[in-house]
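Computed over heavy atoms, backbone and side chain alike; hydrogens, waters and symmetry mates excluded.
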Amino acid sequence: MTEMQSPVFDLQEVFGEDVFNDTAMKKRLPKKAYQKLRETIDGGQELDFETADIIAHTMKEWAMEKGATHFTHWFQPLTGVTAEKHDSFISAPDNEGKVLMRLSGKELIKGESDASSFPSGGLRATFEARGYTIWDSTSPAFIKRDEGGATLCIPTAFCSYTGEALDQKTPLLRSMEAVSREAIHLLRLFGNTTSEKVIPHVGAEQEYFIIDREKYLKRMDLVFTGRTLFGAMPPKGQELDDHYFGTLKPRIAAYMSDVNKELWRLGVPAKTQHNEAAPAQHELAPIYEKVNVAVDHNQLIMQTLKRVATRHGLRCLLHEKPFAGVNGSGKHDNWSLVTDDGINLLEPGKTPHENIQFLMVLTCILKAVDEHADLLRESAADVGNDLRLGGNEAPPAIISVFLGEQLEDVVFQLVSTGHASNTKKGGKLNTGVPYLNDISKDATDRNRTSPFAFTGNKFEFRMVGSRDSVAGPNVVLNSIVAEAFHEAAEELEKAGPENFDNAVHDLIKRYASEHQRIIFNGNGYSESWVTEAKRRGLPNLPTMVDAIPALTTDKAAALFEKFGVFTKKELVSRMEVKYETYSKDINIEARTMLELAGKQLIPAIINCTEKLARAVMTVEQAGADASVQKRRLQKLSALLAEAEAAHETLESETIAAERMPAGRNQAVTFRDRVVPAMEALRRPVDEAEMMVDKELWPIPSYADLMFEV
C-alpha cells in the first residue's frame, strides 16, 4: 500500500452495523416476536411483557456481541442535550458465584430517573423525584462507543410520575399521531383508501465551527459559553467568499472522514459535507428520515461532531454565533409529509394548478403558518439565535412563506380569478458552451432569506439554531398543520360527496385569499420588508424573550390541548423553563465577561499603557519627539477608562438581575439591562485589542482561532 492509499472502507458493509435495526431484528428475533414488534412500530399496538422479555434478551445478546457491558435509556430532557444513566447487564450471581447477564422486558420498556433534577418549570417539586423513561420502539436501539467502552442505548420518552412530558420526544410523538390522524381524514375525502398513516419526514442540515482545541482551552469565554464574548475582527473575514465550498484542509478532511464513519455505523445517513461561508465553518447534511428518528440522529450528529473533534485535537463549536462579525450557524429543518405507501403530500407534480389534493394541502399549510406564525417563531427561539436572526446572514425574525414564482403564480390566479388555468414551466438552461449539456432548470429560484421556503417537494424551516433540538419546531409544524387539516376536512364533510368538487375548489380559493399575506418571495433582509410585514399585520418577535409568550396564549393552549400534544400545564412549565434558561445563559455570559476582562484583558491593557508610558519617558529623556507614543498612550488610556467603567456597570447590573425572582421579569431585565452592559464592555476592549502588543494579549485572537486549523 502506498503512502497516499488507505484501507478500503466498505460503506455498505458497515452502515448500520451498530444499530438494532429491522435487519437485525428480523434475523435474530423469533418470527412471532418480530411480528408483534412490527405491529407495535407500525400500528401502535401495545407490546405485551412476554414478547418484551424475548426482545430484551435478544437485544442484550446482540449488544454483548458488540462489546457492550451496559445499557441506558437514552432520552432528551429540557436541557438541550441528551441524558443517560448506565446500568450493567449484571444481575445477582448464581449459587456458584458466577455473574449472570440479563436484560428483562420490564427494564427495556421502563426506566426511572430523578425527575426533579431536570428542568420541569414547576411540574416537579424538589421532593417529588420520580420520573419514568419509556421505550420508543419506533426509533431503533444502537451501540454508542466512546472512551468508556460500548453501551447499548435505548431511545426513550421521559415523563413525570403524574404523566406530564418532561422531554422533547413525548410531545413529538404525540404531534406525529395528530398530524397523521388528521391527514388521513383529509385524504379519505379525496378517495385515498390505501394509505394508513402519514409520517412527517425531516432532513436537518447541521452547521458548525471547528477550531484548534489548545487555543479553545485558552479562551475562558469559549469554554464557559460556547462563544467569544470579546474579539476584534481580523483583516480578513468572509469578504471574499473563498471559504464557501472551498477545498477541505487536510486536518478537516481527516476529521470529517472519521465523523462520517462513526455516523454510518450508527445508521445515520450522512450525505453532504462542505465548507460553509465563514472561516472555520462547515456543514453536514443527512438524507431525510421519519421525524422522530431524524431528531434522534441529529442529537447523535452533534455528539459525534464534538467527540471526534477532541480525538483530532480540535473543538467543535455549535453555538449559533461563536464569532461576531462573521456568519453564525443554523440548522435547516426540511419538512415533508409522506404516507406509509410512499406518497409525498407536498409533491406538486408537473401541473400543480391541476393537482387539487396538493393545492388543498398547500393552502392548509399557508393557513397554519399564518395563524400560528408567533408559535413557529417561538419554536426557534434561543439565546444564541438572538445574535443571528435578522442579521443579514439568517432569516429575519418575521415569519413568512416563500413559494417561488411557479406556486405564487398559481395562488395569484386562484385569488384573482378564482381558477388556476396554467403553470409556469422551468425551461432549459443554455450555457452557451457547445459541449456542455443544456439542462432542465427549475420553475423557480431559491430564496435564502426566507424563514419557511418551499423547495420542490418540502418546506425548509431555516430559523432553527445550530445547538437546538429539531423536535420543538417539528412539534409545532405537525400540530398547526394537523389543525388546518382537521378544519378543512370538517368543512368538506359538511358539503357532502355530491358537492365535494365545488367545496374543495372554494376552500382552496378562500384559504389562498385569506392567508396570502404570509407569502413573501422578496428580500427578507431589507428594511422595507420589516415595514411591509408590519403593514400586513405579521408578528415581529426579535428576541427569545419576545417570543416565549406565544407558548401560553389561549390560541396555543386550545391548539395543543385539542390534539393531545401539550396540556396547558405542560405549556406553562415550558414557558418557565425557557425564561429561566435565558436568564441563566445571559448570567453565565455576563459573569464570564467580568472575570475574563477583570483578570486578563484589562490587566493586559494596563500593562500596555505602562509600557507606552515608559516609552514616552525614555524618548523625552533622549530629547526626541514622543508625540506618536503620547497619542497612542492617550487613546489606549481612554479605552482603559471606558472599559473599567463598563466593567463596573456590568457588575452592578448583573448583581441586580441575579437578585430578582426567576421568571419573565428577570429575563426581561437580563435582556434590557445586562445585555447592553455586556455590549458596552466589549466595545472598548475589542478596540484596545487592536492596539495592545500581540505578546501582551493573553488570549488567542480571532485570526488565531478561525484561520489556524
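- Between the side chain of Asp87 and the backbone N or O of Phe71, no donor-acceptor pair lies under 3.5 Å.
- When atom types are taken as modelled, the side chain of Ser479 and the backbone of Val475 share a donor-acceptor pair closer than 3.5 angstrom.
- Ring geometry for Tyr244 versus His274: interplanar angle over 60°, hence perpendicular rather than tilted (30 to 60°).
- Contact annotation: the side chain of Lys85 never approaches that of His73 to less than 4.5 Å [non-hydrogen atoms, C-beta and beyond].
- Note on Lys36 versus Asp48: salt bridge recorded, some NZ/NE/NH1/NH2 to OD/OE distance being below 4.0 Å.
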> Yes or no on salt bridge (charged side-chain N to carboxylate O under 4.0 Å, His left out) for Arg174 and Glu570, after CA distance, side-chain angles and deciding distance?
Replying inline: CA-CA 13 Å; Arg174 294 170 180 171; Glu570 288 172 329; 3.1 Å; yes
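- With Glu262 as the partner, the side chain to side chain donor-acceptor pair (under 3.5 Å) test is satisfied by one option alone out of Lys144, Gln303, Arg307: Arg307.
- Within 6.0 Å of atom OH in Tyr216, more than 12 heavy atoms from other residues, nucleotides or ligands are found, so the atom counts as buried in its surroundings.
- With sequence neighbours excluded, no residue forms a salt bridge (charged side-chain N to carboxylate O under 4.0 Å, His left out) with Arg213.
- Salt-bridge annotation for Arg251 and Asp212: present, with a side-chain N of the basic residue lying under 4.0 Å from a carboxylate O of the acidic one.
- Annotation: Glu214, atom CD; neighbour count of heavy atoms from other residues, nucleotides and ligands within 6.0 Å does not exceed 12.
- Put simply, the side chain of Lys331 gets close to the backbone of Asp468: a donor and an acceptor are under 3.5 Å apart.
- Within 6.0 Å of the NZ atom in Lys271, the count of heavy atoms belonging to other residues, nucleotides or ligands does not exceed 12.
- A distance-only check finds a donor-acceptor pair linking the side chain of Ser180 to the backbone of Val198 [under 3.5 Å].
- Residues Gln76 and Asp296 bring a donor and an acceptor atom of their side chains to less than 3.5 Å of each other.
- Taking 4.5 Å as the limit, every side-chain heavy atom of Pro279 sits out of range of all side-chain heavy atoms of Phe323.
- Using a cut-off of 4.0 Å between Lys/Arg side-chain N and Asp/Glu carboxylate O, Arg28 and Glu65 are scored as salt-bridged.
- Taking the charged nitrogens against the carboxylate oxygens, Lys321 and Glu393 do have a contact shorter than 4.0 Å, which makes a salt bridge.
- For the side chain to side chain donor-acceptor pair (under 3.5 Å) with Ser329, the lone residue among Gln281, Glu320, Glu276 that qualifies is Gln281.
- Here the side chain of Asn334 pairs no donor or acceptor atom with the backbone of Lys458 at under 3.5 angstrom.
- The ring-ring contact (aromatic ring centres under 6.0 Å, His included) analysis of residues 16-62, with sequence neighbours excluded, yields the pairs Phe20-Trp62.
- For the 3.5 Å distance criterion, the side chains of Thr581 and Lys584 fail to qualify, holding no donor opposite an acceptor.
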